[in-house]
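Throughout, residue positions are numbered sequentially from 1 according to the sequence presented. Note that these values count all heavy atoms, side chains included, but never hydrogens, waters or copies made by symmetry. Read the numbers this way: they start at 1 and go in the same order the structure lists the ligands and their atoms.
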Amino acid sequence: MWGQQPVQDTEIIGTDAAPLSLKTLDELSQEASTCRLCSLANTRKTVVFGVGNPDADLVFIGEAPGRDEDIKGEPFVGRAGQLLDRMLRAIELDREEIYIMNTIKCRPPNNRDPKPDEVQSCNLWFEQQLNILQPKMICLLGRVAAQTVLETDATLGSLRGRWHDYHGIPVRVTYHPAYLLRSPQQKQKSWQDLMVLSHRLRSG
Ligand code: URA
């Protein structure tokens with residue numbers, strides 16, 4: 001992602017090859033917790049690494065930590081996170097079954113969009129994290145996560161409703177829960193997106 005040279009031991013994402021990296025998620029999280037690769041290190045309170053089941057088949061990826069997440073050190077714990085929990089329950093999933101992370105691990109000041117250099121620096125953690133997780137599917141939450149991970153300028157509307165690929169992992173795109181809080185009329189479409197994921201998850 002993001003036009004950076006892949007880190008050597010992360011090149012096997014989505015292949016059948018045995019992972020070369022022996023690092024665990026906990027070890028990677030520990031390393032990331034002191035990261036100073038970009039200037040967000042000067043303003044963040046916490047490095048928000050990710051949460052959930054390390055063996056999850058399905059990984060949800062949001063944009064970046066917000067204020068609540070920065071304080072708590074966990075992704076999606078504010079109002080948007082509560083809606084995400086309800087969306088998960090609608091497809092009979094909960095946080096213990098899935099894994100949740102963001103495209104970057106530190107809160108941008110005033111919740112602005114992540115800058116390209118921040119995304120590129122954080123890719124060091126992002127790629128290794130997904131390489132350890134080896135999910136069967138990824139769901140990207142919102143335009144920023146979708147455009148960042150899929151390296152495209154396409155609109156969210158045009159990216160929804162079809163499968164994409166991230167290093168061999170099937171990817172689906174849906175609305176960000178924060179957007180759904182502002183535009184509840186779109187919840188039905190988001191539910192349809194999640195149903196597609198749920199169906200594929202349960203059919204093997
Ligand atoms: N929005 C995101 O994209 N990620 C979070 O963790 C919280 C809010």
**Q** Can you name the residues that form a side chain to side chain contact (heavy atoms under 4.5 Å, CB included) with Pro54, not counting sequence neighbours?
**A** Leu25
**Q** Holding to salt bridge (charged side-chain N to carboxylate O under 4.0 Å, His left out), I want the full list of residues that pass it with Asp85, two or more places apart in sequence or in another chain.
**A**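 Salt bridge (charged side-chain N to carboxylate O under 4.0 Å, His left out) check on Asp85 returns Arg95.
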**Q** Applying side-chain contact (heavy atoms from CB on, under 4.5 Å) between Val59 and each of Leu140, Leu130, Val171, Ile98, report the one that passes.
**A**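 When Leu140, Leu130, Val171, Ile98 are each tested with Val59, the side-chain contact (heavy atoms from CB on, under 4.5 Å) holds only for Leu130.
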**Q** Stepwise, does the salt bridge (charged side-chain N to carboxylate O under 4.0 Å, His left out) test hold for Asp193 with Arg160?
**A** CA-CA 8 Å; Asp193 298 335; Arg160 274 189 63 246; 2.7 Å; yes
**Q** Which atom pair, heavy atoms only, marks the closest approach of Glu63 to Thr103?
**A**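 Heavy atoms only, the tightest pair is O-OG1, 2.5 Å.
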**Q** Could you pull out all residues at least two apart from Asp68 that satisfy salt bridge (charged side-chain N to carboxylate O under 4.0 Å, His left out)?
**A** none
**Q** Could you list, one pair per line, each nitrogen or oxygen of ligand 1 together with any protein nitrogen or oxygen closer than 3.5 Å, giving atom names and the distance rounded to 0.1 Å?
**A**
from: ligand 1; atom 1: 1 (N); to: His176; atom 2: NE2; distance (Å): 3.2
from: ligand 1; atom 1: 3 (O); to: Glu63; atom 2: N; distance (Å): 2.7
from: ligand 1; atom 1: 3 (O); to: Ala64; atom 2: N; distance (Å): 3.4
from: ligand 1; atom 1: 3 (O); to: His176; atom 2: NE2; distance (Å): 2.8
from: ligand 1; atom 1: 4 (N); to: Ala64; atom 2: O; distance (Å): 3.0
from: ligand 1; atom 1: 4 (N); to: Asn102; atom 2: OD1; distance (Å): 2.8
from: ligand 1; atom 1: 6 (O); to: Phe76; atom 2: N; distance (Å): 3.0
from: ligand 1; atom 1: 6 (O); to: Asn102; atom 2: ND2; distance (Å): 2.9

